[in-house]
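What follows is a short report on a single structure.
Since we're looking at a predicted model, the values are computed, not measured.
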Amino acid sequence: MFDRPNNPGNIGTMARSLDAFGGTGLIVTGHAADPYDPRSVRASTGSLLALPVVRCSSHREVLAWVDDLRARGLPLTVVGTDEKGERDLADLDLTGPTLLVIGNETSGLSAGWRQACDIMARIPMAGAASSLNAASAATVTLYEAARQRRTGGTGPA
């Protein structure tokens, strides 16, 4: 789930990473760039055409869908990402159904999404950078989920 992305290239890169690491679809919410902008399609190297892509005007639509899935017994975890998240990404169990929420490139997650997330994760980093590009953060998170699903859980591979 990409909250209010303003860069079409980041949408395409996220779709490419979703496709590469076994994601099942992309949701774009809020006032955002067009997922089918030629720059998105080019950055996705075709992955936008291999995944379902849903555009929602607000987080409320997605949360209604999440509530419906949970009411039907799906134990879906909503994981947001933030440089000040409460838990390291590798310490989370990402082996079950997970909705990964990535924020806007400039302002991060909206207040509505911050409230809706079950957990806020951080990607531990060294060096002077305080955060990653949105598509890069999604790629790291998707890789960790794929790694855990391949090896059976959290912790070192």
Side-chain angles (χ1 to χ4, degrees), residues 1-48 50-56 59 62-63 66 76-151 153-157:
M1 210 299 308
F2 204 168
D3 179 30
R4 302 165 295 125
N6 56 29
N7 183 319
N10 280 339
I11 295 171
T13 300
M14 189 180 294
R16 187 175 182 177
S17 294
L18 276 161
D19 189 20
F21 295 117
T24 56
L26 175 61
I27 302 169
V28 176
T29 61
H31 180 73
D34 179 5
Y36 293 105
D37 180 291
R39 293 168 291 181
S40 294
V41 175
R42 187 170 35 255
S44 81
T45 64
S47 289
L48 271 169
L51 293 167
V53 178
V54 175
R55 182 76 189 264
C56 296
H59 67 286
V62 180
L63 294 177
V66 167
L76 182 67
T77 303
V78 180
V79 176
T81 56
D82 185 81
E83 64 193 59
K84 295 180 177 95
E86 61 215 47
R87 305 243 330 259
D88 280 356
L89 179 63
D91 294 337
L92 298 179
D93 181 356
L94 301 171
T95 59
T98 304
L99 177 65
L100 168 65
V101 185
I102 301 291
N104 173 278
E105 296 93 330
T106 305
S107 57
L109 292 176
S110 66
W113 272 116
R114 282 185 184 280
Q115 279 187 329
C117 289
D118 298 313
I119 187 96
M120 293 297 292
R122 67 179 169 269
I123 299 169
M125 297 186 304
S130 65
S131 65
L132 292 173
N133 161 285
S136 297
T139 299
V140 169
T141 306
L142 289 162
Y143 173 82
E144 176 60 18
R147 184 198 66 78
Q148 287 184 21
R149 290 169 185 195
R150 192 176 56 252
T151 63
T154 61

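A 4.5 Å side-chain heavy-atom check between His59 and Asp3 finds every atom pair outside the cut-off. The shortest side-chain heavy-atom distance between Leu26 and Ile11 falls under the 4.5 Å cut-off. Contact check for Thr98 versus Leu92: no side-chain heavy atoms found under the 4.5 Å cut-off. Side chains of Met120 and Leu109 form a contact here, defined as non-hydrogen atoms less than 4.5 Å apart. Side-chain contact between Pro5 and Met14 is absent, with no heavy atoms from C-beta onward closer than 4.5 Å. Looking only at side-chain heavy atoms (C-beta outward), Leu94 and Leu89 come within less than 4.5 Å of each other.
Of the possible donor and acceptor atoms, one in the side chain of Asn133 sits under 3.5 Å from a partner among the backbone N and O of Ser136. A side-chain donor-acceptor contact under 3.5 Å links Ser44 to the backbone of Val41. Checked by atom type and distance alone, the side chain of Asp118 never pairs as donor or acceptor with a backbone atom of Thr77 at under 3.5 Å. Looking only at distances, no side-chain donor or acceptor of Arg42 sits under 3.5 Å from a matching main-chain atom of Asp37. Side-chain N or O atoms of Asn7 include one that pairs as donor or acceptor with a backbone N or O of Gly9 at under 3.5 Å. The closest donor-acceptor contact from the side chain of Ser47 to the backbone of Ser17 lies at 3.5 Å or more, if one exists at all. Listed for the Arg149 side chain is a donor-acceptor partner under 3.5 Å among the backbone atoms of Gly96.
Residues satisfying the side chain to side chain contact (heavy atoms under 4.5 Å, CB included) test with Glu83, not counting sequence neighbours, are Ser130, Ser131. Residues satisfying the ring pair (Phe, Tyr, Trp, His ring centres under 6.0 Å) test with Tyr36, not counting sequence neighbours, are none. With sequence neighbours excluded, no residue forms a salt bridge (charged side-chain N to carboxylate O under 4.0 Å, His left out) with Arg55.
Between the CZ atom in Phe2 and the CG atom in Leu18 there is a gap of 10.5 Å [rounded to 0.5 Å]. Atom CG of Leu100 is separated from atom CE of Met1 by 8.5 Å, given to the nearest 0.5 angstrom. To the nearest 0.5 Å, atoms OG1 (Thr45) and CZ (Arg16) are separated by 4.0 Å.
In summary, Asp82 and Arg122 do not engage in a salt bridge, as defined by a charged side-chain N under 4.0 Å from a carboxylate O.
Across all their heavy atoms, Cys56 and Val54 have their closest contact at SG-CG1, 3.8 Å.
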